[in-house]
Number of protein chains: 2
Amino acid sequence: MGEKPTAAAAVTSADVARLAGVSRATVSFVLNNTQEHRVSETTRARVLAAAEQLGYVPHAAARSLRAGRSNLVLIPASVSAAGSLVSAWVDDLESELERHGYVLVLHAGRFPDPVSSARAWAELRPAAVVALDGDSLSGQAVEVLSRAGVRGVLAFASREVPGAHTVDFDQSRIGALAVEHLVARGCRKVGVVMPQERGLGTFARPRLAGAEGVAARSTATVTPVDLSYTHESAAELAARWRELGLDGVFAYNDEYAALLLHALRNEGVSVPGDVAVVGCDDLVLSALQQPPLTSVRLDLPTPAQVADALHELVDRGARPEVRGMEPFLVHRQSS
Amino acid sequence: MGEKPTAAAAVTSADVARLAGVSRATVSFVLNNTQEHRVSETTRARVLAAAEQLGYVPHAAARSLRAGRSNLVLIPASVSAAGSLVSAWVDDLESELERHGYVLVLHAGRFPDPVSSARAWAELRPAAVVALDGDSLSGQAVEVLSRAGVRGVLAFASREVPGAHTVDFDQSRIGALAVEHLVARGCRKVGVVMPQERGLGTFARPRLAGAEGVAARSTATVTPVDLSYTHESAAELAARWRELGLDGVFAYNDEYAALLLHALRNEGVSVPGDVAVVGCDDLVLSALQQPPLTSVRLDLPTPAQVADALHELVDRGARPEVRGMEPFLVHRQSS
DNA sequence: CACCTGCGGTAACGCGTGTAACCTTGGTAG
DNA sequence: CTACCAAGGTTACACGCGTTACCGCAGGTG
């Protein structure tokens with residue numbers, strides 16, 4: 001009686017060595033073609049053949065355990081929290097990092113506080129961590145990562161995060177830019193949509209803060225309004241729109257903006273007549289809305305630049321310059 | 001002169017042991033509170049204090065190396081390839097897997113063929129692999145994974161993948177359903193949008209095949225039309241719409257459908273008068289289009305069910321039943 | 001006094017790698 | 001003949017961890 005049907009033990013370099021009739025060291029020399037050590041053509045061929053035949057693939061964990069450093073780059077973010085804009089960016093970053101021999105990995109655990117999150121990430125012992133929502137990264141969390149041997153932490157954040165390499169990425173400027181625009185268009189009572197979906201709060205709160213900062217320097221007021229990404233929630237919000245008395249709204253996102261736009265129309269609220277609407281991300285679909293959506297566009301640093309910087313950071317511990325995010329407004333008919 | 005400023009060596013359990021004045025074994029017993037071994041309250045406290053003070057976090061790789069099994073579950077997919085529907089699903093799956101002690105990780109490398117892709121995934125030695133695009137998974141690729149000690153491969157695919165646990169997920173049924181509907185609505189010359197974005201081909205091709213299958217059993221014809229997710233591409237396609245002479249189109253996706261919808265309107269092509277349009281995913285925004293978009297909705301197996309099945313697969317090698325995907329049509333005014 | 005019986009702790013091994021150090025062999029110069 | 005060398009191979013160790021076996025010691029029992 002065998003074990004489980006597919007209990008084929010994992011193939012190790014020792015198996016390859018055995019089959020090729022050489023030592024494990026030789027196998028290692030061949031497969032990594034180490035320059036410091038010569039190995040004859042015939043045995044090299046034998047080893048390669050054996051590896052091929054067994055379908056050997058090295059064990060990354062063991063390798064980096066031995067090497068004392070991993071080639072993992074971790075982006076601690078949930079898949080859905082990234083809009084389509086950021087998703088595409090992350091994809092490109094992955095390709096760029098591959099050029100340098102890194103493996104990019106996406107993983108967010110759900111944890112109450114930054115430190116226990118950091119602890120979970122640290123278990124993977126990545127070479128570097130790229131925090132897109134760097135503002136939710138405490139200095140203490142970075143400390144945890146550092147103590148775990150993470151060589152570089154790149155934080156996209158508005159404020160300097162102690163111990164991390166910070167790239168300017170001030171979410172509050174987005175809210176500020178949107179509300180500045182709305183105020184300039186004559187709005188006096190501006191709403192700011194707070195999405196209720198999990199994971200979005202870390203982006204939404206600073207955007208609200210930026211909006212409030214602008215309002216404080218003008219005669220306008222800012223009111224946060226909760227909105228879930230469902231028809232029901234949007235309809236419910238639109239239904240009490242007149243009593244809210246808002247004449248402008250920054251909708252967090254183009255997607256939330258589009259949702260709100262349609263709910264308002266159903267309610268007979270005219271855009272931009274009764275209320276001006278501004279979104280964010282300048283998605284492809286935004287220009288297609290009725291009316292076309294004014295949006296804050298984010299110019300992200302190029303993935304190639306970030307990948308290079310990351311490599312610098314991990315390899316030489318340098319503190320490379322990375323241009324930050326530069327938001328600007330794309331004006332269309334919704335405002 | 002010191003090394004790099006932040007060259008703090010990673011904290012290991014040996015450091016904790018040293019500080020607590022006990023052996024490494026004791027540290028391990030305490031931190032994993034092993035039931036087989038008693039340890040006095042006082043030393044337990046000392047160990048915990050030391051671990052806390054040093055900010056110790058275990059090394060997942062070393063742990064699973066020793067244990068002979070990892071707790072990694074790999075989803076080999078690029079972030080952007082997953083639409084918002086799937087993203088949310090993946091997020092939930094992550095939570096469910098966490099309950100079982102697994103760590104879900106997203107990582108796609110860009111490789112030419114399935115086998116070298118599989119090789120890259122296998123390096124991480126995950127406990128399981130969940131292939132959302134299981135149809136691009138060859139039996140040979142599964143073999144590679146299996147040889148690397150991956151305990152379970154869950155493939156969402158239309159056909160049985162040798163060696164993998166297949167969950168029925170027939171993309172071609174989506175295309176078939178859409179075209180069946182279009183034909184029933186009187187369409188004779190049906191277009192099928194082929195998105196040009198990388199990574200989408202594996203989903204688009206079977207959908208086209210399903211569409212063609214339906215057409216073959218009717219008097220209608222199917223024509224693939226290329227479309228990139230940009231205004232320019234859509235406008236260019238819409239411009240030559242009349243010469244294409246299509247009276248129905250399955251647009252792959254609600255997002256591509258919406259893009260096409262607007263381009264067609266700009267060109268003066270009426271929907272559904274001149275051409276009926278069907279999308280897929282039934283996104284929140286789809287009902288809000290002008291006209292509201294008919295869409296194929298996918299009923300995915302619940303994340304909880306998949307997580308349980310995965311655990312079964314990894315832990316007991318069982319072959320649990322997982323209900324497959326069940327697509328159905330949501331009819332609106334665009335067709 | 002010899003003997004078992006928990007209790008609380010430690011030494012030591014192995015997981016799969018990469019590499020520094022060493023060993024063997026044949027060829028060649030002194 | 002001895003000394004040396006380069007080429008091509010192997011042995012041995014460490015990376016951080018979990019676990020098995022063992023050990024000292026106290027207190028009870030025959």
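Reckoned from all heavy atoms, side chains included, excluding hydrogens, waters and symmetry mates. Each chain gets a letter, A, B and so on, in the order the sequences are listed, and its residues count up from 1.
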Would you classify [X] as touching base, sugar-phosphate or nothing, given that sugar-phosphate means primed atoms plus P, OP1 and OP2, and contacts are heavy atoms under 4.0 Å?
{"X": "A:Ala25", "answer": "base"}
{"X": "A:Ser28", "answer": "base"}
{"X": "B:Ser64", "answer": "nothing"}

Of the listed nucleotides ([options]), which one gets closest to any side-chain atom of [X]?
{"X": "B:Thr43", "options": "D:dG9, C:dG9, C:dT17", "answer": "C:dG9"}
{"X": "B:Arg24", "options": "C:dA12, C:dG8, C:dT19", "answer": "C:dA12"}
{"X": "A:His37", "options": "D:dC17, C:dT17, D:dG8", "answer": "D:dG8"}

Whole-Å distance between [N] [atom2] and [X] [atom1]?
{"X": "A:Phe29", "N": "C:dA20", "atom1": "CZ", "atom2": "P", "result": "8 Å"}
{"X": "B:Arg63", "N": "D:dG16", "atom1": "CZ", "atom2": "C1'", "result": "11 Å"}
{"X": "B:Leu65", "N": "D:dT19", "atom1": "CG", "atom2": "P", "result": "13 Å"}
{"X": "A:Arg44", "N": "D:dG9", "atom1": "CZ", "atom2": "P", "result": "10 Å"}
{"X": "A:Glu123", "N": "D:dC17", "atom1": "CD", "atom2": "P", "result": "11 Å"}
{"X": "B:Arg18", "N": "C:dT10", "atom1": "CZ", "atom2": "C1'", "result": "16 Å"}
{"X": "A:Arg66", "N": "D:dC15", "atom1": "CZ", "atom2": "P", "result": "9 Å"}
{"X": "A:Asn32", "N": "C:dA20", "atom1": "CG", "atom2": "C1'", "result": "15 Å"}

Taking OP1 and OP2 of [N], is either one under 4.0 Å from a side-chain nitrogen or oxygen of [X]?
{"X": "B:Ser23", "N": "C:dG9", "value": "no"}
{"X": "B:Thr26", "N": "C:dG9", "value": "no"}
{"X": "B:Ser40", "N": "C:dC7", "value": "no"}
{"X": "B:Thr12", "N": "D:dC15", "value": "no"}
{"X": "B:Ser13", "N": "D:dG16", "value": "no"}

Whether B:His311 and B:Tyr102 hold their rings parallel, tilted or perpendicular, with breakpoints at 30° and 60°:
perpendicular
Residue pair B:Asp308 / B:His100, side-chain donor-acceptor N/O under 3.5 Å
yes
Side chain to side chain contact (heavy atoms under 4.5 Å, CB included) assessment of B:Glu96 paired with B:Val306:
CA-CA 9 Å; B:Glu96 292 297 332; B:Val306 170; over 6 Å; no
From the list A:Leu104, A:Val90, A:Val86, A:Leu93, side-chain contact (heavy atoms from CB on, under 4.5 Å) partner of B:Val79 resolves to A:Val90
Taking side-chain contact (heavy atoms from CB on, under 4.5 Å) as the criterion, tell me which of A:Leu19, A:Asp15, A:Val22 meets it with A:Val27.
A:Val22
Closest-nucleotide ordering on DNA chain C, the 5'-leading residue of B:Arg125 and B:Val39
B:Val39
